[in-house]
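Written below as structure tokens is the structure these notes are about.
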Amino acid sequence: MKYLIDTHVLLWAIMESYKLPEKILKLLEDESNTIFVSPISYWEIAIKHQNKKLNLGKINVLHIPHIAEQFNFSILNPEPYDYISIGQIPQKENHHDPFDRMLIQQAIRNDLVLISKDEKFPQYEENGLQLLWE
């Protein structure tokens, strides 16, 4: 199977794996699965870290892509159509986060299951989002 992980899943896998359900941990470790990380997540991490909204402990923010590679996570580079078609996803009244919306769009367009605990994501299943948490 092919999966896209949300930013918090990437960070938890790297720093706090105890926060991930056993089912998700096994899925991430299963070499028959392809686990994608979007550069959008790296952008989100960089911005939140710079704005002091994200504490990475002793991890250097610049090392996160390399650490993700060590976990055998693959990069899912956005295509121009991913950006331009973001307007195809309805902007829900209670959800305007551009990072989340881009991840949702990438998952839908690339037929990937998005792994996320975000409670606002299920509302996009009606738009074709495949979602997994527990």
Side-chain angles (χ1 to χ4, degrees):
M1 290 280 301
K2 294 182 179 182
Y3 301 90
L4 176 62
I5 57 175
D6 196 356
T7 306
H8 68 272
V9 176
L10 170 63
L11 290 172
W12 290 352
I14 291 172
M15 299 170 44
E16 302 172 299
S17 62
Y18 64 89
K19 291 185 176 182
L20 296 170
E22 187 67 29
K23 173 182 176 179
I24 301 299
L25 274 173
K26 287 182 181 180
L27 186 145
L28 295 177
E29 294 170 356
D30 185 342
E31 292 183 15
S32 69
N33 293 323
T34 303
I35 309 299
F36 287 104
V37 176
S38 173
I40 300 299
S41 290
Y42 295 134
W43 184 35
E44 180 179 13
I45 290 167
I47 289 171
K48 289 183 177 180
H49 183 258
Q50 182 181 35
N51 293 337
K52 309 278 190 248
K53 293 182 179 181
L54 176 62
N55 180 358
L56 297 173
K58 295 181 181 184
I59 294 178
N60 182 326
V61 69
L62 298 175
H63 294 162
I64 290 177
H66 178 68
I67 295 168
E69 285 178 22
Q70 292 176 332
F71 277 79
N72 292 319
F73 297 159
S74 302
I75 296 291
L76 178 66
N77 285 313
E79 298 290 330
Y81 195 78
D82 291 331
Y83 294 104
I84 202 72
S85 65
I86 194 79
Q88 303 298 342
I89 297 176
Q91 192 157 350
K92 308 290 183 172
E93 193 172 311
N94 66 340
H95 191 235
H96 302 284
D97 185 306
F99 302 112
D100 287 351
R101 290 175 48 75
M102 189 64 196
L103 291 176
I104 290 165
Q105 177 66 355
Q106 281 192 285
I108 292 171
R109 282 207 63 243
N110 292 283
D111 197 28
L112 301 172
V113 177
L114 182 59
I115 301 174
S116 178
K117 185 180 181 178
D118 194 309
E119 295 175 355
K120 295 180 180 176
F121 283 14
Q123 65 186 326
Y124 294 96
E125 290 178 316
E126 67 186 45
N127 303 106
L129 179 63
Q130 301 171 74
L131 191 59
L132 178 66
W133 184 247
E134 292 190 72

T7 vs K48 side-chain heavy atoms within contact, under 4.5 Å: no

Euclidean distance, L112 CG relative to T34 OG1, rounded to 0.5 Å: 9.0 Å

Hydrophobic cluster identity match, L11 and I59, side-chain contacts under 4.5 Å: yes

Side chain to side chain contact (heavy atoms under 4.5 Å, CB included) evaluation trace for Q130 with D111: CA-CA 8 Å; Q130 301 171 74; D111 197 28; 2.8 Å; yes

F99 reachable from I75 in the ILVMFWY side-chain graph, under 4.5 Å edges: no

Contact check, side chains of H95 and Y124, non-hydrogen atoms, under 4.5 Å: yes

Rounded distance (nearest 0.5 Å) linking atom CD of E22 with atom CG of L27: 11.5 Å

Q123 side chain to K120 backbone, donor-acceptor under 3.5 Å: yes

NE2 on H63 to NZ on K58, rounded to 0.5 Å: 15.0 Å

Close side-chain approach of Y83 and I40, heavy atoms under 4.5 Å: yes

Residue pair E126 / K92: nearest heavy atoms and the distance that separates them: OE2-NZ, 3.3 Å

Chi angles and distances behind the side chain to side chain contact (heavy atoms under 4.5 Å, CB included) call for D118, D97: CA-CA 12 Å; D118 194 309; D97 185 306; over 6 Å; no

Positive for side-chain contact (heavy atoms from CB on, under 4.5 Å) with V9, one of I14, V37, L20: L20

Stepwise side-chain hydrogen bond (donor to acceptor under 3.5 Å, both in side chains) check, N127 with Q88: CA-CA 9 Å; N127 303 106; Q88 303 298 342; over 6 Å; no

Flag side-chain contact, heavy atom, 4.5 Å: D6 against D100: yes

Joint cluster assignment, Y42 & L4, ILVMFWY side-chain distance < 4.5 Å: no

K117 vs W12, side chain to side chain contact (heavy atoms under 4.5 Å, CB included): CA-CA, chis, key distance, verdict: CA-CA 11 Å; K117 185 180 181 178; W12 290 352; 4.0 Å; yes

Any side-chain heavy-atom pair of M102 and I86 under 4.5 Å: yes

R101 side chain to G87 backbone, donor-acceptor under 3.5 Å: no

Residue K26 excluded, over 12 heavy atoms near NZ under 6.0 Å: no

Any donor-acceptor N/O pair, N33 side chain to I35 backbone, under 3.5 Å: no

Pairwise distance OG(S38) to CD(E44) - rounded to 0.5 angstrom: 10.0 Å

L56 with F73, same ILVMFWY side-chain cluster at under 4.5 Å: yes

Any L131 side-chain heavy atom under 4.5 Å of E125 side chain: yes

Neighbour count >12 (heavy atoms, 6.0 Å) for atom CD, Q70: yes

Any side-chain heavy-atom pair of F71 and L10 under 4.5 Å: no

Hydrophobic cluster identity match, I45 and F36, side-chain contacts under 4.5 Å: no

Distance (rounded to the nearest 0.5 Å) between M15 CE and I64 CD1: 7.5 Å

Stepwise side chain to side chain contact (heavy atoms under 4.5 Å, CB included) test for Q91 and H96: CA-CA 7 Å; Q91 192 157 350; H96 302 284; 2.7 Å; yes

Flag side-chain contact, heavy atom, 4.5 Å: L54 against V61: no

Which atom of L28 lies closest to which atom of A13, heavy atoms considered: CD1-CB, 4.2 Å

Euclidean distance, D82 CG relative to L103 CG, rounded to 0.5 Å: 10.5 Å

Polar side-chain atom of N60 near backbone of L62 as donor-acceptor pair, under 3.5 Å: yes

For the student: nearest non-hydrogen atoms of S41 and I5, plus distance: OG-O, 4.2 Å

